[in-house]
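Chain A is the first sequence line, chain B the second, and so forth, proteins listed ahead of strands; every chain is numbered from 1. Quick note: numbers below take in every heavy atom, side chains included, and nothing from hydrogens, waters or symmetry partners.
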There are 2 protein chains.
Amino acid sequence: MKFNDKIPIYYQIKQYIYREIIINNLQPGQKVPAVRQLAVTLTVNANTIQRALRELINEKVLISRRGKGNFVTTDAETLTNLKRNVVEDQVSNLYDQLAALKITPDEMLKYLNNYINSRKEVHHD
Amino acid sequence: MKFNDKIPIYYQIKQYIYREIIINNLQPGQKVPAVRQLAVTLTVNANTIQRALRELINEKVLISRRGKGNFVTTDAETLTNLKRNVVEDQVSNLYDQLAALKITPDEMLKYLNNYINSRKEVHHD
DNA sequence: TATAGTGTATTAGTAAACTAAAACACTAAT
DNA sequence: ATTAGTGTTTTAGTTTACTAATACACTATA
């Protein structure tokens, strides 16, 4: 996996697992790959995986069962909040960044429409 | 200044100076505050400021004159590219992040319209 | 020429992230 | 009981970012 060297790897792994849950590659109650397996797959040290998982467990997104594995929560509220928070954090972050460039909301909408529509045209695959 | 502890401070300072130039708080040819002054203003070490400035100088966004100061470039192309790149990087980054969540372009537009319009209503100041 | 204000470079020490290797705790299956 | 597969913890060493303090190079000016 390709990581951004400006952001801690463990943090990017957290976000990766958020995404896998949100798009249902990891379903509620499903077992997450073993720590050592993830370390191989993502080509990082097992301790770095463990650090990401520890935080996800603290956040109740994953449930740890010693000797068995780590499992995606089945709590509906946690899962709902997860998707909402991840999307909203990214959108609000963009909004704040563009606002800091003194771009008005109307200009943002115009620009985003142009950008996204141009990407749609390109995506004729 | 408040920094994101997940991203190197020198890198956030680069982005801060990009912004100051884009919104014309720092105009073409204008002198940037002195290294030691910026260190005080942003409450970081002077070496950290210097590292950010070094990269900006390498990128030709700033021009260094020893004994005099650092100055914003007057090169029109560099300045034009600066604004275009900063905005486009942020927008394309959001697009990619939302696409990774399997959100379609149409859904993005719908969501962004809702979000930005809701922010407009709030901003009755 | 001396001084103050610049940018630049060097040396040293600290903290966080990452890697590596090993040990420990628990579970399931043979 | 033993073994393999899990999660968890610990100890150690490296690298990067950051801070701190100092010195050096250049410019303008009193």
- Message: Mind checking if R51(A) touches a base, just sugar-phosphate, or nothing, with heavy atoms under 4.0 Å?
- Response: sugar-phosphate
Side-chain atoms of P8(B) come closest, of dT19(C), dC18(D), dG7(D), to dC18(D)
Exercise for the section: Report yes or no: does S92(B) contribute a side-chain atom to a donor-acceptor pair with the main-chain N or O of D89(B) at less than 3.5 Å? Expected result: yes
- Record whether the side chain of R36(B) comes under 3.5 Å of the base of dG7(C) through a donor-acceptor pair of N or O atoms. yes
It should be established whether T48(A) places a side-chain nitrogen or oxygen under 4.0 Å from OP1 or OP2 of nucleotide dA17(C). no
Nearest-nucleotide check on DNA chain C, D5(B) vs L53(B); residue mapping nearer the 5' end is L53(B)
When rounded to whole Å, the CD to P distance for the pair Q37(A) and dA4(D) reads 18 Å
Between CG of N70(A) and C1' of dG5(D) the distance, given in whole Å, is 13 Å
Indicate, with yes or no, if F71(B) and L38(B) share a hydrophobic cluster defined by side-chain heavy-atom contacts under 4.5 Å among Ile, Leu, Val, Met, Phe, Trp and Tyr.
no
Testing dT19(C), dT8(C), dA21(D) for proximity to the side chain of N47(A), the answer is dT19(C)
Which of dT6(C), dT27(C), dG7(D) is nearest the side chain of K68(A)? It is dT27(C)
Taken to the nearest whole Å, NZ/K6(A) to C1'/dC18(D) is 15 Å
Among the nucleotides dG7(D), dA20(D), dT6(C), whichever has the atom closest to the side chain of N45(B) is dA20(D)
With the side chain defined as heavy atoms from C-beta on, I9(B) is closest, among dT6(C), dT19(D), dT6(D), to dT19(D)
I57(A) has its side chain closest, among dT8(D), dG7(C), dC18(C), to dT8(D)
Note: for R65(A) and V44(A) on DNA chain C, the residue whose nearest nucleotide lies more 5' is V44(A)
Here the distance between atom C1' of dA17(D) and atom CD1 of I13(B), to the nearest Å, is 12 Å
For this session: Give a yes or no on whether the backbone of V35(A) and the side-chain of Q50(A) come within a donor-acceptor separation of less than 3.5 Å.
Result: no
Separation of dC26(C) atom P from I63(A) atom CD1, nearest Å, is 19 Å
Separation of dT16(D) atom C1' from I7(B) atom CD1, nearest Å, is 16 Å
- Cluster link V32(A) to Y11(A), ILVMFWY, side chain under 4.5 Å: no
When rounded to whole Å, the OH to C1' distance for the pair Y11(B) and dC18(D) reads 18 Å
From CD of Q50(A) across to P of dT10(D) the rounded distance in Å is 12 Å
ask   = Under the 3.5 angstrom rule, does the side chain of Q30(B) hit a backbone N or O of Q27(B) as a donor-acceptor pair?
value = yes
Side chain R66(A) and base dG5(D) donor-acceptor under 3.5 Å = no
